[in-house]
Protein chains: 2
Amino acid sequence: MSEKDLDTAGKIKEAASQLFIEKGFGRTTTRDIATEAGVNLALVNYYFRSKDELFSTIMTETVQGFIWQLRVLLNDDKTFEEKVELVVSNYIDLLKTRPDLPIFMLSEIRNHPEEMAAKLGIDKLMHEIKFFQELAQRCPEGVHPIHLFMNLLSMTVFPFIGKPVISAATGMNDEAFMMMMEQRRTLIPQWFMSMLKPQE
Amino acid sequence: MSEKDLDTAGKIKEAASQLFIEKGFGRTTTRDIATEAGVNLALVNYYFRSKDELFSTIMTETVQGFIWQLRVLLNDDKTFEEKVELVVSNYIDLLKTRPDLPIFMLSEIRNHPEEMAAKLGIDKLMHEIKFFQELAQRCPEGVHPIHLFMNLLSMTVFPFIGKPVISAATGMNDEAFMMMMEQRRTLIPQWFMSMLKPQE
DNA sequence: TATATTATTAAACATTTGTTTAAATCAAAT
DNA sequence: ATTTGATTTAAACAAATGTTTAATAATATA
């Protein structure tokens, strides 16, 4: 597919990324990776010192990609409401194509806590981005803006995480699930904006 | 601790459950389990045929416990609003003591899809429980009740799942996070009820 | 008590898996 | 063309891990 124009290290990274996301770190073997990349086994350790370091590299790049994307998304010249819609729509688009991403990231962050946090530089994210300041101003009295941002992410991301359970509990098939997520594309921003209005 | 009054199979199950939840299936070894249970290695395979079967047993019991709990919680003689508060409060209590539970369940459900769904009997859950019927009646026109139930679960469970990221992004410590979740105990029901009012 | 069943143990087995080694191949520079 | 260095390969190593075995101890049964 898109393997052709990548060098060996790139092939390995792409194959490893796909496998890590699909099966998790523990269930992905170096031989899987080499085979999927169409490359000799020893090259995995030749280009990346170890399986752990390969994982760390991929994880860092993935998360940094996320943050970078969020940064540009929230700092352009749209209105507040448009930014809300953008965040929701953007993550729904992403997760429709890569539904395993959140579980992978969250569970592997738990398994490799040392790799994260510090290396990410997300600790200052809240302060740099204008969106959060706008959000803080619009928050009802006594409600910390982080609550609202949590809600926005929750309502968007969680359905993808819980999809297996939700599908089983409701009898939805994949198509029905996707239609539901399309509805949420407009519903979530409405719910979110209504949370900003003072509770009566 | 509570090991004393358990038979060997019980010790193994308790140790395995703790380790599976804490480290996931892949990173938990049968030797870990035997050691933690204070029991000979071979007994793991003696009482449960294999590591997979041990996992399957624990997983099934855990999920069935969840469903059973949800069932009794939602079918008593409380008002609708009280039930909403009960669900939120109940899961917050649970997740405060076992924050790894959702990631474990959701990621392992993904890794052992065959074990789940059919065995769980959650497919009929939506239809049996009165709460969902009440919810359906209160839903605004054109909004499927599953959306609202998703939101309720999302806003309650997701913060625990995303805690590492959220903490890193905001600089919260554990205490601050717990205080935030205490606030959500009352906030989430308010947000939820406001979603049921027709959008203007 | 004698016997049969169950439970436990130490040891070994077989496979998997991350990693390394040493030789072979290729590419570029002198 | 030769040399130098990077890249690739097949093979092997060493450790970890799920599982089994065969012997021993404990418990119930007759």
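Letters go in sequence order (proteins before strands), and every chain restarts at 1. Remember, predicted model here, so these are calculated numbers, not experimental data.
Nearest approach of B/Lys51 to B/Phe25, heavy atoms of both residues: NZ-O, 3.1 Å. Looking at every heavy atom in both residues, B/Pro189 comes nearest to B/Arg184 through CD-O, 3.8 Å.
Atoms CG (B/Asp52) and P (C/dT16) sit 14 Å apart, rounded to a whole Å. Note: CG (B/Leu41) to P (D/dT21) measures 15 Å, nearest angstrom. Between the CG atom of B/Leu19 and the C1' atom of D/dT17 there is a distance of 15 Å, given to the nearest Å. Summarising the geometry, the separation between NZ on B/Lys51 and C1' on D/dA16 is reported as 11 Å, rounded to the nearest angstrom. If you measure from atom CZ of A/Phe48 to atom P of D/dT8, you get 12 Å, rounded to the nearest angstrom. Atom CZ of A/Arg49 is separated from atom P of C/dG18 by 16 Å (rounded to the nearest Å). Straight-line distance from the CZ atom of B/Phe25 to the P atom of D/dT17: 13 Å, rounded to whole Å. Distance, A/Ile12 CD1 to C/dG18 P: 14 Å, rounded to whole Å.
In this structure, B/Thr8 reaches the C/dT8 phosphate: one of its side-chain N or O atoms is under 4.0 Å from OP1 or OP2. For the OP1/OP2 pair of C/dT8 and a distance below 4.0 Å, the side-chain nitrogens and oxygens of B/Tyr46 include no atom meeting the criterion. The side chain of B/Asn45 places an N or O atom within less than 4.0 Å of a non-bridging phosphate oxygen (OP1 or OP2) of D/dT19.
None of A/Ile58, A/Asp100, A/Thr62 except one satisfies the side-chain contact (heavy atoms from CB on, under 4.5 Å) rule with A/Phe20; the exception is A/Ile58. Only one option out of A/Leu94, A/Leu95, A/Ile103 pairs with A/Phe160 in a side-chain contact (heavy atoms from CB on, under 4.5 Å); it is A/Leu95. For the side-chain contact (heavy atoms from CB on, under 4.5 Å) criterion with A/Val88, the lone passing option out of A/Leu153, A/Thr156, A/Thr186 is A/Thr156.
As judged by a 4.0 angstrom heavy-atom cut-off over every strand, A/Thr30 is placed among the base-contacting residues.
For A/Asn40, whose side chain is taken as the heavy atoms from C-beta onward, the closest listed nucleotide among C/dG18, D/dT9, D/dG18 is D/dT9. In this structure, of C/dG18, C/dT9, D/dT8, it is C/dG18 that holds the atom nearest to the side chain of A/Arg31. Side-chain proximity of A/Ala42 to the nucleotides C/dT9, C/dG18, C/dT20 is greatest for C/dT20. The side chain of A/Tyr47 lies closest to D/dT7, out of D/dG18, C/dT19, D/dT7.
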